[in-house]
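Numbering of ligands and ligand atoms starts at 1, following listing order. Fair warning: this is a prediction, and the values are worked out from it, not measured in the lab.
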Amino acid sequence: MTLEALIKERIKKHGAISIADYMNVCLLHPEFGYYMRRDPFGVSGDFTTAPEISQIFGELLGLWLAAQWQKQGKPEAILVELGPGRGTLMADALRATKKIAGFHDAVSVHLIEASPVLQQKQWKNLAGKHPQISWHPSLESLPELPIFFLANEFFDALPIRQFVGSEERKIMLDENGNLAFTPPTTNNQQPTTESSPASQQIMRELAAHIAHHGGAGIVVDYGYTGGSQGDTLQALKEHHYHDVLQEPGEADITAHVDFDALASAAQLAGAASFGALSQGKFLLQIGASQRLMNLCASASEPQKQELMSGFERLIAHEQMGELFKVLAILPAGSAKPEGF
Ligand code: SAH
């Protein structure tokens, strides 16, 4: 049995499925889902993320969160990451915040991760880095304390729906029995729009938590502001674009994140949002160049090369600097935080 056969079976029985259902099954099917079976990151995987490129990323994000924690009076709190991948971002954030007096003692660490394979990987990578780390498949079971959260390349993995005009674009079987997108029934030239109810829901929960208990959060992802960008659904396999409908479960499927939609969801739930701002600008404004110089000062020549090329990838406009954006969530009425 393959995931493709399962999906076709389901369409034969029940009719066309939404893109959201398709993404959900491709990424998270308990047996065949993309994230459920593998570690997709790095050169030998399908894609590489900012924390895997440079330690500076996780260090600065960790310090940013700790600064918000200090400003809010150093409360007992939870430090949360959504979709931690290999655990690299949290490891870098914990290492960088070790020197922040009282921070590690005040927080317990909570990782929201759907994949048992990646939970295992995170457990190994984070062993000994904090005395209290626990895993949750979703946000539901988090303690009612101020929340300081990070989410890097998490929201792009959440299911989206697409509409052509008012008609939902779905996935069906064509006359040869292959997976195909439903053609629009009217012949108009309406643009494609996207929405991600799952992203909205999760952002509402995070923002409501901040509104009730305090805290701060930061979301980093590839995405856009200023309204619809048309069809942004994409699949990636071995660092190349892949047909979304080919080999379901074997390629990563994502969509660009609509940052304005996330910001309004946060505001509607009673929190304040700042950004979205480009990743390059944000990192420079919270001290990435200084951190690079400090690291280079005690590095060997090959290490220096690696540090500098990683920095360049994160910040350069034509690399990740502009496409990736940063959104901060804080309690309503908060002053503009560092970096924005
Ligand atoms: N933040 C990491 C990994 C990004 S990949 C990094 O920057 O390297 C997306 C991560 O989100 C993976 O860990 C994946 O298993 C997890 N994930 C995807 N959908 C999820 C969901 N609905 N609930 C919980 N975790 C999810």
Which pairs of nitrogen or oxygen atoms, taken one from ligand 1 and one from the protein, are under 3.5 angstrom apart?
residue, atom, partner, partner atom, Å
ligand 1, 1 (N), Gly83, O, 2.7
ligand 1, 1 (N), Asn152, O, 2.8
ligand 1, 7 (O), Thr49, OG1, 3.4
ligand 1, 7 (O), Asn152, ND2, 2.7
ligand 1, 8 (O), Thr49, OG1, 2.5
ligand 1, 13 (O), Gly85, N, 3.1
ligand 1, 13 (O), Glu113, OE1, 2.6
ligand 1, 15 (O), Glu113, OE2, 2.6
ligand 1, 25 (N), Ala114, N, 3.2

Nearest heavy-atom pair of Gln285 and Gly339: which atoms, and what distance? NE2-O, 2.7 Å
Derivation and outcome, side-chain hydrogen bond (donor to acceptor under 3.5 Å, both in side chains), residues Ser300 and Gln303: CA-CA 5 Å; Ser300 66; Gln303 284 171 331; 3.2 Å; yes
For His104, which residues count as a ring-ring contact (aromatic ring centres under 6.0 Å, His included) partner, sequence neighbours excluded? His130
Is the ring centre of Phe259 less than 6.0 Å from the ring centre of Tyr224? no
Between the side chain of Gln122 and the main-chain N/O of Gly85, is any donor-acceptor distance below 3.5 Å? yes
Within 45° of the ring axis of Phe41 and under 6.0 Å from its six-membered ring centre, is that where the NZ or CZ of Arg86 lies? no
